[in-house]
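Working notes for the structure below.
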Amino acid sequence: MDKFIYLDNAATTRTAPEVVNAMLPFFSENYGNASSIYRLGTESKRAIMQSREIIAGSLNADPAEIYFTAGGTEADNWALVAAAECCEGRGGHIITSKIEHHAVLHTCQYLEKRGFEVSYIDVDENGILKPEDLKKAIRKDTILISVMYANNEIGSIQPIKEIGELARENGILFHTDAVQAYGHLAIDVKDLNIDLLSASGHKLNGPKGVGFLYIRKGIKIRSFLHGGAQERRRRAGTENVPGIVGLGAAAKLAFSQLEERRKKVQKLRDYLIERIEKEIPYCRLNGDRERRLPNNINFSFRFIEGESLLIMLDMKGICASSGSACTSGSLDPSHVLLAIGLPHEIAHGSLRLTLSEENTIEEMDETVAAIKEAVGKLRQMSPLYEDFIKKQN
Ligand code: PLP
């Protein structure tokens, strides 16, 4: 493939070579089923245990609290459906935010169809949920609060500690979708009062199709998949040994370099934000300036279509993502951008750039130049921009 600049790490990340190397033997050498009693099987079992220990250690959890899944979506579905079912006797009210990933929102809609009631809490103009709004929404029959750790589109980091405290004080289960945060931010499940946490391998230089759900000890959550006795009878199915090994290796790598990676990526992020704000007029940074993922940049550019901008950037070898719901094939702008109060036409002109520590300052310069050129060209073609400029003069 030709040279490209990859700025879509919230969509997925490059599997790190160390991770691939750790996984390789588990395809065609140590390929035993972890449930088998001979050595080839026990080798797999041992490798799974090792990954479980690495992940538990990274969260200040116990290895017995980590359950491997086939990714973040499964972990979110499991957490919500099983938590709702296990607490059903106590009530049927769930609280979540308006900016959750569809893995949570669509599961909430499914639960609504089954008779649960869901409150979708607003966020402020920077995409942060206010704990006082959450407090007001809590009812006697509230059984579950699910609020994401950090948003996948605008990078806003939620007040997880306050939410955890509110949940604990009121005897409500607290789930957080940490798919975008795990491996990028330090997370201590005990300190934050988290009962359930979802994460996914491919967002931290691990493989796709593997993730985990942390379930705090003592929580009686039922099995999600029924079948064999894997994952302590809570998640049946022959374990994805190479995937689990890869996830463990990715977690080890991420947490051993957490601070240096964060600093490096944040520096690139701030450089790019500063240059765009200085050099491209009529743009708006979406998401909170401070409480934001170290690698996330999200801008709306007035008078342009995000999709056209993406195509023009792609022609220059830049991989980015837009704020409109292109993946769902719908013309609606992202629910996240609407929830922070952007009008449709501005939400449509959005661009998300998510960096990694592999990016360079030269790539940032190339990206700014490419965005400037593309935005300029698109505005030249825009009747709305023409009108706007005429009115200015
Ligand atoms: N939750 C969030 C916040 C995400 O960003 C994603 C993926 O983009 C998911 C859940 C789903 O994770 P997976 O792709 O592993 O199913």
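Considering only heavy atoms from C-beta on, K316 comes within 4.5 Å of E373 through its side chain. At a threshold of 4.5 Å between non-hydrogen side-chain atoms, the residues Q230 and S35 count as touching. Counting heavy atoms from C-beta on, the side chains of P131 and L166 come closer than 4.5 Å. Looking at L105 and Y120, their side chains come closer than 4.5 Å, going by heavy atoms from C-beta outward. Considering only heavy atoms from C-beta on, M364 comes within 4.5 Å of L355 through its side chain. I94 is not listed as a side-chain neighbour of S119, based on a closest heavy-atom distance of 4.5 Å or more. By the 4.5 Å heavy-atom criterion applied to side chains, L134 and I163 are counted as neighbours. Between I138 and I145 the shortest side-chain heavy-atom distance falls below 4.5 Å.
A donor-acceptor contact shorter than 3.5 Å is absent between the side chain of R302 and the backbone of I346. For the pair E231 (side chain) and F68 (backbone), a donor-acceptor distance under 3.5 Å is present. Put simply, the side chain of S44 never gets that close to the backbone of A34: no donor and acceptor are under 3.5 Å apart. Listed for the K203 side chain is a donor-acceptor partner under 3.5 Å among the backbone atoms of A11. Under the 3.5 Å distance criterion, the side-chain polar atoms of E117 are left unmatched by any main-chain donor or acceptor of E112. A donor-acceptor contact shorter than 3.5 Å is absent between the side chain of T176 and the backbone of A178. In this structure, T367 contributes its side chain and E363 its backbone to a donor-acceptor pair below 3.5 Å. Put simply, the side chain of K217 never gets that close to the backbone of E65: no donor and acceptor are under 3.5 Å apart. In this structure, N193 contributes its side chain and V189 its backbone to no donor-acceptor pair below 3.5 Å. Using modelled atom types, no side-chain atom of D177 and backbone atom of Y149 make a donor-acceptor pair closer than 3.5 Å.
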Report task. Carefully, step by step, assess R269 and N295 under the rule side-chain contact (heavy atoms from CB on, under 4.5 Å). Result -> CA-CA 6 Å; R269 176 197 75 182; N295 73 340; over 6 Å; no
Query - Stepwise side-chain contact (heavy atoms from CB on, under 4.5 Å) test for V245 and V19 - result: CA-CA 8 Å; V245 167; V19 171; over 6 Å; no
Query - Check against side-chain contact (heavy atoms from CB on, under 4.5 Å), V179 and H101 - result: CA-CA 10 Å; V179 167; H101 188 270; over 6 Å; no
Query raised in the report: Is there a salt bridge (Lys or Arg N to Asp or Glu O under 4.0 Å) between E132 and K135 once you walk through the steps?
Result: CA-CA 5 Å; E132 56 268 32; K135 202 170 175 175; over 6 Å; no
Requested in this report: Please lay out, stage by stage, how T96 and I121 fare under the test side-chain contact (heavy atoms from CB on, under 4.5 Å).
Outcome: CA-CA 6 Å; T96 189; I121 305 286; over 6 Å; no
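In this structure, V147 and I160 approach most closely via the heavy-atom pair O-CD1, 4.1 Å. Summarising the geometry of P281 relative to R379, their closest heavy-atom pair is O-NH1, 2.9 Å, with the distance given to 0.1 Å. Residues K264 and N359 come closest through the heavy atom pair NZ-O, 3.5 Å. Considering all non-hydrogen atoms of both residues, D8 and A320 come closest at OD2-O, 3.9 Å. Here the closest heavy-atom approach between residue E279 and residue K372 is recorded as OE1-NZ, 2.9 Å. Nearest heavy-atom pair, F27 versus M23, reported as atom, atom and distance to 0.1 Å: CD1-O, 3.7 Å.
For the residue pair S322 / S350, no side-chain donor-acceptor distance below 3.5 Å is found, with atom types taken as modelled. Between the side chains of N77 and T107, at least one donor N or O lies within less than 3.5 Å of an accepting N or O. Using modelled atom types and a 3.5 Å distance limit, the side chains of T13 and H202 yield no donor-acceptor pair. For Y271 and D365, the side-chain atoms include at least one donor-acceptor pair closer than 3.5 Å. Checked by atom type, the side-chain pair Y67/R235 shows no donor-acceptor distance below 3.5 Å. Side-chain polar atoms of D76 and S198 form a donor-acceptor pair below 3.5 angstrom. Between the side chains of T12 and K208, at least one donor N or O sits under 3.5 Å from an acceptor N or O. There is no side-chain donor-acceptor pair under 3.5 Å between R168 and N170.
Separation of atoms OG (S300) and CD (E345) is listed at 10.5 Å; rounding is to 0.5 Å. Between the OG atom in S321 and the CG atom in L7 there is a gap of 11.0 Å [rounded to 0.5 Å]. One finds the CG atom of L129 at 9.0 Å from the CG atom of D122 (value rounded to the nearest 0.5 Å). For the atom pair CG of N60 and CD1 of I187, the computed distance is 12.0 Å after rounding to the nearest 0.5 Å. To the nearest 0.5 angstrom, N151 atom CG is 9.5 Å from I128 atom CD1. In this structure, the separation between CG on L111 and CG on L80 is 6.5 Å, given to the nearest 0.5 Å.
Applying the side chain to side chain donor-acceptor pair (under 3.5 Å) definition to pairs two or more places apart or across chains, those involving residues 236-258 are Q257-R261.
Ring pair Y6/F4 is perpendicular by interplanar angle, where above 60° counts as perpendicular and below 30° as parallel.
Enclosure of atom NZ in K190 by more than 12 non-hydrogen atoms of other residues, nucleotides or ligands within 6.0 angstrom is indicated. Within a 6.0 Å radius of CZ in R222, other residues, nucleotides and ligands contribute more than 12 heavy atoms. Atom CD of E290 is surrounded by 12 or fewer heavy atoms from other residues, nucleotides or ligands within 6.0 Å. Environment of CZ in R284: crowded, with over 12 heavy atoms of neighbouring residues, nucleotides or ligands closer than 6.0 Å. Residue R289 places its CZ atom among 12 or fewer non-hydrogen atoms of other residues, nucleotides or ligands, all under 6.0 Å distant.
Linking Ile, Leu, Val, Met, Phe, Trp and Tyr whenever their side-chain heavy atoms come within less than 4.5 Å leaves L285 and Y282 in two separate clusters. Tracing side-chain contacts under 4.5 Å through hydrophobic residues (I, L, V, M, F, W, Y), one reaches I219 starting from L144; they form part of the same cluster. Put simply, F301 and L338 are part of two different groups of oily side chains (I, L, V, M, F, W, Y) that touch within less than 4.5 Å, one to the next. Hydrophobic clustering of Ile, Leu, Val, Met, Phe, Trp and Tyr side chains at less than 4.5 Å, counting indirect connections, unites L378 with F299. M49 and I54 fall into different hydrophobic clusters, where Ile, Leu, Val, Met, Phe, Trp and Tyr residues are linked whenever their side-chain heavy atoms come under 4.5 Å apart, directly or through other members.
The side chain to side chain donor-acceptor pair (under 3.5 Å) check on T354 picks up nothing, with sequence neighbours excluded. Remark: K278 engages E274 in a side chain to side chain donor-acceptor pair (under 3.5 Å) (not counting sequence neighbours).
In this structure, F26 has its ring center no closer than 6.0 Å to that of Y31. Between Y182 and F212, the ring center distance clears the sub-6.0 Å criterion.
A salt bridge does not link D141 with R90: none of the charged nitrogens is closer than 4.0 Å to a carboxylate oxygen.
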